[in-house]
> 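Pasting in a structure now, in structure tokens, and then I'll have a few things to ask.
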Number of protein chains: 2
Amino acid sequence: MTEKPISNALRALAKLREMIFAGDLPAGSNHLETELAAQLNMSRTPVREALLMLEGQGLLELQPRKGVRILPISPRDMADIYDVLTELESLSAEQAAKAGHSDSALALLEAAIDDMDKAIAAGDLDAWSEADDRFHKELVQLGGNGRVKAIVDMMSDQVRRARAITLALRPLPTKSNDDHRKVFQAIKDGQANMARDTHRAHRCHAKEIIVGVLEKHRLRFI
Amino acid sequence: MTEKPISNALRALAKLREMIFAGDLPAGSNHLETELAAQLNMSRTPVREALLMLEGQGLLELQPRKGVRILPISPRDMADIYDVLTELESLSAEQAAKAGHSDSALALLEAAIDDMDKAIAAGDLDAWSEADDRFHKELVQLGGNGRVKAIVDMMSDQVRRARAITLALRPLPTKSNDDHRKVFQAIKDGQANMARDTHRAHRCHAKEIIVGVLEKHRLRFI
DNA sequence: TCACACATTAATGCATGCATTACTAAATGC
DNA sequence: GCATTTAGTAATGCATGCATTAATGTGTGA
């Protein structure tokens with residue numbers, strides 16, 4: 001309905017994001033508009049439009065004569081991002097609990113939790129990571145605040161850049177799913193404060209872990 | 001240092017934002033790129049770039065053959081926005097308290113509160129509004145989280161669109177400054193939880209008022 | 001009279017070209 | 001030999017033109 005036709009600019013946006021996540025455009029590296037346009041097989045105009053959007057999302061910076069700089073994420077940045085996610089996701093948990101969703105509306109959330117359990121049992125970190133994303137995304141969806149969703153999507157993008165590396169370095173998130181289940185139960189039972197506080201504690205803990213890993217390894221991220 | 005030279009695109013961005021706030025481009029109205037470019041005395045390219053940025057900030061929508069649509073803000077939207085502001089500003093208050101800022105660092109915050117008192121005494125709503133903005137902006141600044149600052153700036157823009165009208169309709173915010181002082185004192189004393197909870201309650205109250213006014217008058221905003 | 005199809009109009013998306021400007025390097029003066 | 005200035009180069013910001021495509025209006029047939 002309100003769909004836009006797939007323009008070259010949108011293709012460039014998706015492709016550039018992909019290149020950043022894949023590490024083809026590493027953090028801190030500089031690239032000229034012309035080069036990127038050539039790589040993407042289109043003219044500078046749509047590429048430039050995509051770059052402006054990505055700049056607005058905080059993934060890169062346009063420096064007038066020095067090219068496009070992919071922004072690195074310092075431990076401090078990651079802490080800031082996690083703090084935002086903590087607040088907004090906790091709000092979502094609270095609102096989701098207040099909304100009194102039916103069991104069927106909560107099915108996706110529960111499925112994500114189940115999938116995380118399976119992934120942990122199988123030792124499949126990638127599958128766990130994917131299911132974890134799904135859980136957080138669905139949580140925000142159930143919260144029903146569109147602006148929160150937009151912001152969390154943006155920030156999650158940045159977290160995803162770091163996750164690939166931190167996943168291998170951090171302890172297996174075996175206990176994390178207990179928290180998820182508690183949050184789920186609280187939402188199901190309509191216990192707003194419980195949902196909020198539980199999720200908040202969960203996210204604070206996750207933040208400590210990630211930031212700890214980043215600092216320990218002196219990493220600035222991709 | 002990291003300043004960008006003032007390009008036409010940035011001028012267009014500022015000017016368009018101004019036109020939206022001033023009501024020259026009313027909520028729900030449609031405008032063609034060509035017309036806007038003509039009004040701004042520049043070619044379509046920089047105007048288009050500015051429009052893309054504004055779309056990213058949620059102020060408008062680019063509809064392929066129907067022109068640029070200025071997005072209205074419903075009471076629901078305003079409630080969503082206030083919820084985000086509540087969470088992120090409360091976080092800022094907490095972090096500001098934890099940071100242990102010196103008295104001189106807190107001077108601007110206190111000045112904003114004093115100015116609000118003066119404005120209320122003088123019955124000057126515009127001055128009050130300006131000082132209130134300053135208080136919230138400074139609070140976020142003291143919180144020290146750059147992403148929070150960016151998000152709050154964006155959301156505040158949207159609130160400002162509604163404020164001009166709600167100001168005249170809502171009760172005089174005489175008591176509101178007591179809250180501000182309590183938050184200030186808590187930050188000064190390093191009482192993080194107190195700062196957080198006080199500010200949270202303050203914002204929740206403000207949300208009720210504004211959303212109430214919007215719903216009562218069935219307003220969709222500029 | 002209504003519906004469908006075709007043609008015309010016009011806005012957008014993109015490519016391209018040009019002018020401006022910043023960076024580099026070389027040359028001259030001290 | 002070093003510093004300063006100037007010339008050359010190259011990337012960006014913007015204007016412009018074109019092609020595509022959607023919307024509107026007209027005409028014809030049932």
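Lettering follows sequence order; numbering is per chain, from 1. Side-chain atoms are counted along with the backbone in the values below, which use heavy atoms only and exclude waters and symmetry mates. Note that the structure is a prediction, hence the values are computed from the model and not measured.
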> So, the side chain of B/Asp115 versus the backbone of B/Ala127: is there a donor-acceptor pair under 3.5 Å, distance only?
no
> Determine, for nucleotides 14-24 of chain D in 5'-to-3' order, which nucleotides have protein heavy atoms under 4.0 Å from the base (write B), from only the sugar-phosphate (write S), or from neither (write -).
SBBB--BBS--
> Drop me the distance from A/Arg147's CZ to B/Asp77's CG, to the nearest 0.5 angstrom.
4.5 Å
> Could you check how far NE2 of A/His31 sits from C1' of D/dT12, rounded to whole Å?
17 Å
> Hey, is CZ on A/Arg76 packed in by over 12 heavy atoms from elsewhere, all under 6.0 Å?
no
> Using atom CD of B/Glu55 as one end and atom P of C/dT12 as the other, report the distance to the nearest whole Å.
13 Å
> Return the value, rounded to whole Å, for the distance between atom CG of A/Leu36 and atom C1' of D/dA11.
13 Å
> Expressed as a whole number of angstroms, how long is the span from B/Leu51:CG to C/dA11:P?
15 Å
> If we only count heavy atoms from C-beta on, is the B/Leu36 to B/Leu25 side-chain gap below 4.5 Å?
yes
> Measure CG/B/Asn30 against C1'/C/dT12 and give the value in whole Å, please.
14 Å
> May I ask you to decide if the ring planes of A/His202 and A/His136 are parallel, tilted or perpendicular, using 30° and 60° as cut-offs?
parallel
> Taking atom types as modelled, is there a side-chain donor on B/Arg203 or B/Ser90 under 3.5 Å from an acceptor on the other?
no
